[in-house]
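These numbers come from the heavy atoms of this one structure, side chains and all, not from hydrogens, waters or symmetry mates. Here the structure is a predicted model, which is why all the values come from computation and not from measurement.
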Amino acid sequence: MNYRKSTPVPPVTLDDVRGAQKMLTGVARVTAMEGSRHLTQLVGAPVHFKCENLQRTGSFKLRGAYVRIAGLLPEERAAGVVAASAGNHAQGVALASALLGVRSTVFMPKGAPLPKISATREYGAEVRLHGQVVDETLAAAQEHAARTGAVFIHPFDHPDIIAGQGTVGLEILEQCPEVRTILVGVGGGGLAAGIAVAVKALRPDVRIVGVQAEGAAAYPPSLAAGRPVAIERPATMADGIKVGRPGDVPFRIVGELVDEVRTVTEDELSTALLLCLERAKLVVEPAGASPVAALLSEPGAFEGPVAAVLSGGNVDPVLMQRVLRHGMAAQGRYLAVRLRLTDRPGALATLLGVLSVVDANVLDVSHVRTDPRLGLTEAEVELHLETKGPAHCAEVGAALRDAGYLVID
């Protein structure tokens, strides 16, 4: 669906983005555009990855943060800056501040992944852990700004931030001048808005598609209402785009210049992350994999050549483990099955022998004997298996039933 609305002239221009590009020379990397053979075959047209996961700090956030802080007045720089973030924006602000010689304080949720906390400190910021959710962290950062005079650096709702992120769009046009569709993940909207400003000014024929996680999709209802609308309790593994309300500044630009905003499921996100790792050898966080998820969900919907922006690669190893297993399950390559068997010596070995015949790899076994639901001579076993796809899963299930086991759904 096209959500284009009649809105005021965007507050960010192509000249702003070009100015940001000059400012970022020698600061932000011109990240690679890598072709994807698998997705090219699936889509039927060339598909390229814009690898912002390989940017300094592991995401595009450095671009906007540096432009915003570099534009501060001397007295503002002297007061320092403050930000709130669960990860990527925190690291972008920390490094940008260090490069510009500005003192930075970053508030992060108490549950933020330890690698992101450590990286933010190593880039030079003072890290303060506050609150359990980002909204509480944001309130603490704004209170700190009001109390100390430090400048609050918003992650997406400022023209300088948007101009900095828009340099990704300029690079895409330089690296792939024949591009017809650009897919980009959307949280607050800063990256999508910046890319849209740059690309539509130079190539209005290029289609720009924003992608949101289904459980944190604030843009579709907001665009339908013609104003930013907050959603309650956004929920997704993609914390980089887990934003409950669009920013006022990017919302106007997205409404005017972004051609479509679509959503993807958690299964599609995990499958996309797995594909990036296996086929492209790229570590990408769930938010960064959202454009790939959109391509996988409806490959025929996009005219090529396609550029998919992999916006970040800062994924917590614990989350990566969970997501990869989830992705394998979504592809039918991971099977969890519960069944009952007679509790006698050798029964488990016999069961494992059945699985060996059908070439199912056993990852984990849970053996329960003491449960009031079980008969006196029964035991319940839960198996986690690595399989080769949906057909193999069906073969495993059939082999167990043919061997006389009661499989519990």
Counting only heavy atoms not in Arg233 (residues, nucleotides, ligands), do more than 12 fall under 6.0 Å from its CZ? no

Just by distance, with hydrogens left out, do Gln55 and Lys61 show a side-chain donor and acceptor under 3.5 Å apart? no

Val81 and Val93: side chain to side chain contact (heavy atoms under 4.5 Å, CB included), yes or no, with the steps? CA-CA 9 Å; Val81 299; Val93 168; 4.2 Å; yes

Can we say Arg252 and Glu256 salt-bridge, meaning some charged N sits less than 4.0 Å from an Asp/Glu carboxylate O? no

Would you call Glu126 and Arg103 a salt bridge, using N to O less than 4.0 angstrom? no

Looking only at non-hydrogen atoms, find the nearest pair between Tyr405 and Val354 and report the distance. CE1-CG2, 4.2 Å

Start with the C-alpha gap between Glu260 and Arg207, add the side-chain angles, then the distance that decides, and say whether salt bridge (Lys or Arg N to Asp or Glu O under 4.0 Å) holds. CA-CA 8 Å; Glu260 179 186 3; Arg207 184 170 181 81; 3.2 Å; yes

Determine whether the side chains of Thr236 and Glu266 contain a donor N or O and an acceptor N or O closer than 3.5 Å. yes

May I ask you to test the Leu257-Ile208 pair for a side-chain heavy-atom distance under 4.5 Å? no

Could you give the distance from CZ (Arg68) to CD1 (Ile162), rounded to the nearest 0.5 Å? 11.5 Å

Can His144 and Gln142 be counted as having a side-chain donor-acceptor contact under 3.5 angstrom? no

So, the side chain of Asn53 versus the backbone of Ser311: is there a donor-acceptor pair under 3.5 Å, distance only? no

Side chain to side chain donor-acceptor pair (under 3.5 Å) filter on Glu303, not counting sequence neighbours, yields Arg180

Would you check, one step at a time, whether the test salt bridge (Lys or Arg N to Asp or Glu O under 4.0 Å) holds for Glu298 with Arg262? CA-CA 11 Å; Glu298 195 176 352; Arg262 56 174 56 209; 3.0 Å; yes

Go through the structure and list residues passing side chain to side chain donor-acceptor pair (under 3.5 Å) with Arg279, not counting sequence neighbours. His38

Those residues at least two apart in sequence (or on a different chain) that pass side chain to side chain donor-acceptor pair (under 3.5 Å) with Gln165 are none

So with a 6.0 Å cut-off around CG of Leu73, is the heavy-atom count from everything else above 12? yes

Evaluate the salt bridge (Lys or Arg N to Asp or Glu O under 4.0 Å) criterion for residues Arg245 and Asp157: first the C-alpha distance (whole Å), next the side-chain angles of each, then the deciding distance (0.1 Å), finally the verdict. CA-CA 11 Å; Arg245 182 186 183 279; Asp157 204 11; 5.5 Å; no

If you apply the rule side chain to side chain donor-acceptor pair (under 3.5 Å), what do you find for Thr167 with Arg63, and how did you get there? CA-CA 8 Å; Thr167 59; Arg63 297 173 183 264; 2.8 Å; yes

